[in-house]
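Chain naming here is simple, since letters A, B, ... match the order of the sequence lines and numbering starts at 1 in each. This one's a predicted model, so the numbers in the text were calculated from it and none came from an experiment.
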Amino acid sequence: LISWNIILHMYSKQQCFELVKKFFETMPLHNAISMTIMLMTYSQAGDVEAARFVLDSTKEHNLTLWNAMLIAYIQNGHLSEATKIFSSTLREKDTSSSNTMVTAYAQSGHVDQAQKLFNEMPVRDIVSWTAMLSAYAQVGRLEEAQRIFHSMPKHNSFTWTAMLAAYAQNGQSIKCIEFFHEMGIVESPNDVCFTCVLQSCSHTGDMRRGLPYFLSITLDYAIDCPKKQHFSCMIDLLARGGYLEDAKDLLSFMPFAP
RNA sequence: CAUUAAUGG
C-alpha cells in the first residue's frame with residue numbers, strides 16, 4: 001500500500017489528474033494517506049466539491065486530512081469556509097492548521113488578522129515565522145518584516161530567502177544584494193535566492209551587476225544549472241539594459257521545460 | 001507513503 005501511495009503521489013505532483021484518478025481506482029486498498037493525496041489532487045484541479053466528497057467519504061477524519069481540506073477551500077477562493085472550519089468545526093488544531101490560515105489571511109490582504117492568529121498560537125514553528133514575515137513583505141511593511149526576521153528563534157534557507165524576496169519586491173535592490181552577501185556567510189544560497197538577486201540586479205538597471213551572479217549559479221554553487229526562473233530574470237535584465245539581441249540569443253539557448 | 005512557509009515572466 002505504501003508503494004501505491006508513493007506512485008499515486010507522484011502522479012499527483014505532476015498534475016496528471018486523469019492518471020491519478022485511474023490509478024486510485026486500480027488500487028486494491030486505500031488508507032488515510034491515499035485519501036489525502038486524492039483530496040489535494042482535486043483541490044489543485046480546482047474541484048472543491050470533489051475534494052469535499054473525498055473528505056466526507058473517509059471514515060476516519062484525521063487532522064492532516066482536515067488541514068488538506070482547509071487548503072482546498074483556500075486555494076479555490078472559499079476563505080470564509082476555511083475560517084469556519086478552522087474556528088468552529090475543528091476542536092483540535094495543530095501548528096500546520098494555523099500556519100495555513102496565517103498564510104491565507106496574509107495572501108488575502110488581512111495582515112492584521114494574520115498577526116492576530118499568529119499571536120494566539122500556542123506553538124509557533126519556523127514556518128509560522130516565515131509566513132508572518134512574508135505577510136508584512138507583501139504589503140510593503142519592510143520594517144515589520146525585518147523585525148520578524150530578527151525576532152525569530154532560528155533561521156533556515158526559507159527565512160533567508162523570504163527576507164531577500166521582501167527586499168526584492170519592495171524595490172530595495174541594493175539592500176537585497178547586500179543581504180545576499182550577508183547570507184552567504186552562514187547559509188548556502190539556493191536557486192530562489194538567485195532569482196531574488198537577479199531580479200534586483202535587473203531593477204538597478206545595471207546589467208553588468210547581474211551577470212556574475214548568473215554565472216556563479218553554476219560555477220560556485222551546487223545548484224543544478226540555472227532554471228527557467230533565472231533565464232527569465234536574465235532575459236528581463238538584458239532587455240531592460242537595451243541588449244535586446246543578447247536577450248534573444250539567451251532565449252534560443254535556453255532548455256525548455258513544462 | 002499524505003497536509004502548512006520563500007522566488008521570476
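- Listed by first and then second residue, the side chain to side chain donor-acceptor pair (under 3.5 Å) pairs that reach into residues 232-254 of chain A are A/S202-A/D236, A/S202-A/R240, A/D236-A/R240, sequence neighbours excluded.
- Residue contacts shown for A/T36 include a base, since a base heavy atom lies under 4.0 Å away.
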### Message
Could you walk me through whether A/F86 and A/L117 satisfy the side-chain contact (heavy atoms from CB on, under 4.5 Å) test, starting with their C-alpha distance in whole Å, then the side-chain angles of each, then the deciding distance to 0.1 Å, before giving a yes or no?
### Response
CA-CA 11 Å; A/F86 180 78; A/L117 176 55; 3.9 Å; yes

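- Checked against B/A6, B/G8, B/U4, the side chain of A/T100 finds its nearest nucleotide in B/U4.
- A/D125 comes within 4.0 angstrom of nothing in the nucleic acid, heavy atoms only.
- Between the NE2 atom of A/H155 and the C1' atom of B/A5 there is a distance of 14 Å, rounded to whole Å.
- Between A/Y167 and A/F179, the ring planes are perpendicular. Angles over 60° get that label, and only those under 30° would be called parallel.
- Atom CD of A/E187 is separated from atom P of B/A6 by 17 Å (rounded to the nearest Å).
- Among A/I74, A/V111, A/T83, the one residue that satisfies the side-chain contact (heavy atoms from CB on, under 4.5 Å) test with A/Y105 is A/T83.
- Stacking between A/W129 and B/A5 is absent: the ring centroid is not both under 5.5 Å from the six-membered base ring centre and under 30° in plane angle.
- Going from atom CE of A/M38 over to atom P of B/C1 covers 21 Å, rounded to whole Å.
- Closest to the side chain of A/A32, from the set B/C1, B/A6, B/A2, is B/A2.
- Remark: the A/S232 side chain and the B/G8 base include a donor-acceptor N/O pair separated by less than 3.5 Å.
- Within 4.0 Å (heavy atoms only), A/N62 reaches at least one base atom of the nucleic acid.
- Nearest heavy atom pair, residue A/C196 against residue A/C176, reads O-SG, 4.0 Å.
- Out of B/A2, B/G8, B/U3, the shortest distance to the side chain of A/C233 is found at B/G8.
- Rounded to an integer number of Å, the gap from A/K93 NZ to B/U4 C1' is 15 Å.
- Here B/G8 presents its P atom at 13 Å from NZ of A/K228, a figure rounded to the nearest Å.
- Of the candidates B/C1, B/U4, B/U3, the closest approach to any side-chain atom of A/N67 belongs to B/U3.
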### Message
Only Watson-Crick and G-U wobble pairs with both distances less than 3.5 Å should count. Give RNA chain B in dot-bracket notation, marking inter-strand partners with |.
### Response
.........

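- Separation of the A/Y42 and A/F17 ring centroids does not fall under the 6.0 Å cut-off.
- Side-chain contact, A/D125 with A/T95: no donor N or O sits under 3.5 Å from an acceptor N or O.
- Ring geometry for A/H155 versus A/F149: interplanar angle under 30°, hence parallel rather than tilted (30 to 60°).
- Considering only side-chain N and O atoms, A/H203 lies nowhere under 4.0 angstrom from the phosphate OP1 or OP2 of B/G8.
- Remark: P of B/U7 and CH2 of A/W160 are 17 Å apart, rounded to the nearest angstrom.
- The side chain of A/Q169 sits closest to B/U7 out of B/A6, B/A5, B/U7.
- Of all nucleotides listed (B/A5, B/U7, B/U3), B/U3 comes nearest to the side chain of A/H9.
- Here B/U7 presents its P atom at 17 Å from CZ of A/F180, a figure rounded to the nearest Å.
- Set against B/G8, B/C1, B/A6, the side chain of A/I33 has B/C1 as its closest nucleotide.
- A/M35 places its CE atom 15 Å from the C1' atom of B/C1, with the value rounded to the nearest Å.
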